[in-house]
Amino acid sequence: MSLKSKFSNFFKIAFPSSLAELSLFAFFLLAYGIFGTYLAQHYRIIFDARIPWDGYFSFDNKAIVMSGGSFERHPLSYYFFNWIRELAFYISGGKTGSNFRLTLAWLSNITISLSLIQIYKYLKNIIQLPIGLNILIVAFFSIFSTNILLSFTPETYTYTLFLLVLFNYYTAIKLKKDKKIAGSALVLAGVTIGGLTVTNIVKVFIPIAFEKGLFKSWKKFGNAVFRVLITCATFICLYLYRIDFKYTNILSKSGEQYEKFSNVKSTPTWDMIYSYFLGGSILFPSFFIREKHNMKGFYYKALFMDVYTSLAPYIFIGLLLTLIFWSYFKNFKNKFVQVLMLSMFVDVLIHCVFRFGLHTSYIYGGHFVFVFPLMLGWLFFSYRNSPKMMSFMTVLIGIIFIFLLFNNYVRMWEFYDFVNQYYR
């Protein structure tokens, strides 16, 4: 295949390639864009040079935009955010005012909208659901708290979500055709996905294990090992170059980060898993405000999520999890489903088992939340020959969709009240 054909195929996969996809993309751009544009033009919450971190929900907007984040967790994001920052400065004339914030917000808006199109493509082309169900599931996913927040937030999670969904869609196409995943694609995914968040590089290798005949042929197995080693070697070399080959810093800094983000005992572990890791990335809980400072004499208000305080959110999350596990066991022998659930298990291991950042794990939704709509899609697929079950699940998704929409709409008004009061 020629280089031109490869680029053409990539753009068809990554961007809207039909009228329906283009229409959905335009709709999400408009829907997210209205709120993000208003925030950027009238408030400092998206970017304030005086606030280094945690202005809202522990997102490190300024730190990420200006430096790419800490090297031990975001080893190559420094280079990625360099061009984002320079583009924003170019458009804003070198100032960090409203045009600067507007550029950052719209880059996030475009990225999240493209992520939703990837979900639609997967549902349509891999699972092959009817268009009505595709739109319902994508619409449901679009009002997850993660997508709403990331649609105007310049963070690593914003771009990681898109890259992970894109990579899962690309690998699903390959697995569906019983083809191996190209070594060049693995290297590119390893550098971009792992470069933005180092632990996510593990997810790049999961689909390889499901290539046809991998464990029945030494030649195929050896080729897979070679592709993995090349990807790891490329990533490690770039990582070491980023830190001037001072590899001892990785262990010391990682240890500090683990101690800092893993020893919070103010909330029961089960409730942090339920309300933050599983719930906060989908259904907004209530919020609370803390006073923080930038260690240079400037004090500011910061907004955080609380655990759920009423029965309804617990029931909602429990019902959604029931559907996801129902889909998993119903499609247990499906390699596409195993790829998705193993990918999410990486985050469960990091945040729920090892407790890294569990007290603020709602911000990590960009790493795994895309699994939920795709698993719902596979649940519908498993009952494609049962009209009664299809109707039942459609009505059920419609009901929880309405609850999610109402809850998150109300909570975003609370968020607006917060920025209106403290970030004019």
Side-chain angles (χ1 to χ4, degrees), residues 54 56-60 73 140-141 143-150 155-157 160-161 164 197-200 202-203 206 254 257-288 290 302-329 332 337-376 379 400 403-404 407-408 411:
D54 291 0
Y56 60 98
F57 308 131
S58 293
F59 290 122
D60 297 339
R73 284 189 288 163
F140 178 60
F141 179 56
I143 53 174
F144 279 22
S145 54
T146 292
N147 290 318
I148 294 172
L149 293 177
L150 294 183
E155 253 279 12
T156 55
Y157 309 106
T160 297
L161 175 59
L164 281 171
T197 304
V198 63
T199 51
N200 280 331
V202 177
K203 301 173 185 178
I206 291 174
S254 297
Q257 291 289 320
Y258 183 78
E259 287 298 318
K260 179 180 178 181
F261 290 102
S262 303
N263 292 317
V264 178
K265 300 178 180 179
S266 57
T267 305
T269 299
W270 74 266
D271 209 0
M272 285 194 286
I273 293 173
Y274 206 98
S275 296
Y276 294 156
F277 179 76
L278 295 170
S281 58
I282 300 169
L283 181 79
F284 280 121
S286 58
F287 306 142
F288 65 91
R290 284 178 179 165
L303 193 68
F304 294 90
M305 293 188 194
D306 203 350
V307 294
Y308 293 127
T309 54
S310 64
L311 185 60
Y314 286 102
I315 294 175
F316 173 90
I317 296 301
L319 181 58
L320 184 58
L321 287 176
T322 299
L323 293 174
I324 299 307
F325 283 111
W326 182 8
S327 176
Y328 181 54
F329 291 115
F332 189 78
V337 167
Q338 290 294 345
V339 169
L340 293 173
M341 292 302 284
L342 286 172
S343 178
M344 185 172 174
F345 179 72
V346 173
D347 295 286
V348 171
L349 193 65
I350 293 169
H351 302 299
C352 301
V353 178
F354 295 126
R355 291 170 51 86
F356 182 84
L358 184 55
H359 63 298
T360 56
S361 56
Y362 45 77
I363 69 173
Y364 297 104
H367 293 171
F368 65 86
V369 77
F370 64 91
V371 172
F372 289 87
L374 299 182
M375 288 300 293
L376 289 177
L379 181 60
I400 63 175
F403 178 80
L404 179 64
N407 179 88
N408 286 359
R411 295 304 184 193

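D54 places none of its side-chain heavy atoms less than 4.5 Å from the side chain of F59. In this structure, R411 and S286 have side chains that are in contact, with non-hydrogen atoms separated by less than 4.5 Å. Side chains of Y157 and L161 form no contact here, defined as non-hydrogen atoms less than 4.5 Å apart. L149 places a side-chain heavy atom less than 4.5 Å from the side chain of F284.
The two residues V369 and T146 have their closest heavy-atom pair at CG1-CG2, 4.0 Å. Nearest heavy-atom pair, L278 versus I282, reported as atom, atom and distance to 0.1 Å: O-CD1, 3.4 Å. Counting all heavy atoms, side chain and backbone alike, T267 lies closest to M272 at O-CE, 3.4 Å. Here the closest non-hydrogen pair linking I143 and N408 is O-ND2, 2.6 Å. Here the closest heavy-atom approach between residue Y364 and residue G357 is recorded as CE1-O, 3.7 Å. Between S145 and S281, the shortest heavy-atom distance links the atoms OG-C, 2.9 Å.
The number of heavy-atom neighbours closer than 6.0 Å to CZ of F288, taken from other residues, nucleotides and ligands shown, is above 12.
Of the possible donor and acceptor atoms, one in the side chain of Q338 sits under 3.5 Å from a partner among the backbone N and O of F332. A distance-only check finds no donor-acceptor pair linking the side chain of S275 to the backbone of V307 [under 3.5 Å]. Y274 places a side-chain N or O within donor-acceptor distance of the main-chain N or O of Y314, the cut-off being under 3.5 Å. At least one donor-acceptor pair closer than 3.5 Å links the side chain of S361 to the backbone N or O of F277.
For the atom pair CZ (F316) and CG (L283), the distance works out to 5.5 Å, reported to the nearest 0.5 Å. Atom CG of residue L150 and atom CD1 of residue I363 lie 10.0 Å apart, to the nearest 0.5 angstrom.
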Item to check | side chain to side chain donor-acceptor pair (under 3.5 Å) between R355 and T269, intermediate numbers included | outcome: CA-CA 8 Å; R355 291 170 51 86; T269 299; 2.6 Å; yes
Checklist entry - Should N200 and H367 be marked as a side-chain contact (heavy atoms from CB on, under 4.5 Å) after you check the CA-CA gap, both sets of side-chain angles, and the distance that decides it? => result CA-CA 8 Å; N200 280 331; H367 293 171; 3.4 Å; yes
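Each of L323, V337, L320 was scored for a side chain to side chain contact (heavy atoms under 4.5 Å, CB included) with M375, with one residue passing: V337. Applying ring pair (Phe, Tyr, Trp, His ring centres under 6.0 Å) to F287 and the options F304, Y362, F57 leaves one that passes, F57.
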Can you give each donor-acceptor pair under 3.5 Å made by side-chain atoms of residues 339-354, sequence neighbours left out, with the distance rounded to 0.1 Å?
unit_1, atom_1, unit_2, atom_2, d
D347, OD1, K203, NZ, 3.3
D347, OD2, K203, NZ, 2.5
H351, ND1, F356, O, 2.7

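Remark: F140 engages F144 in a ring pair (Phe, Tyr, Trp, His ring centres under 6.0 Å) (not counting sequence neighbours).
Checked against a 6.0 Å centroid threshold, the rings of F141 and F372 do not count as neighbours.
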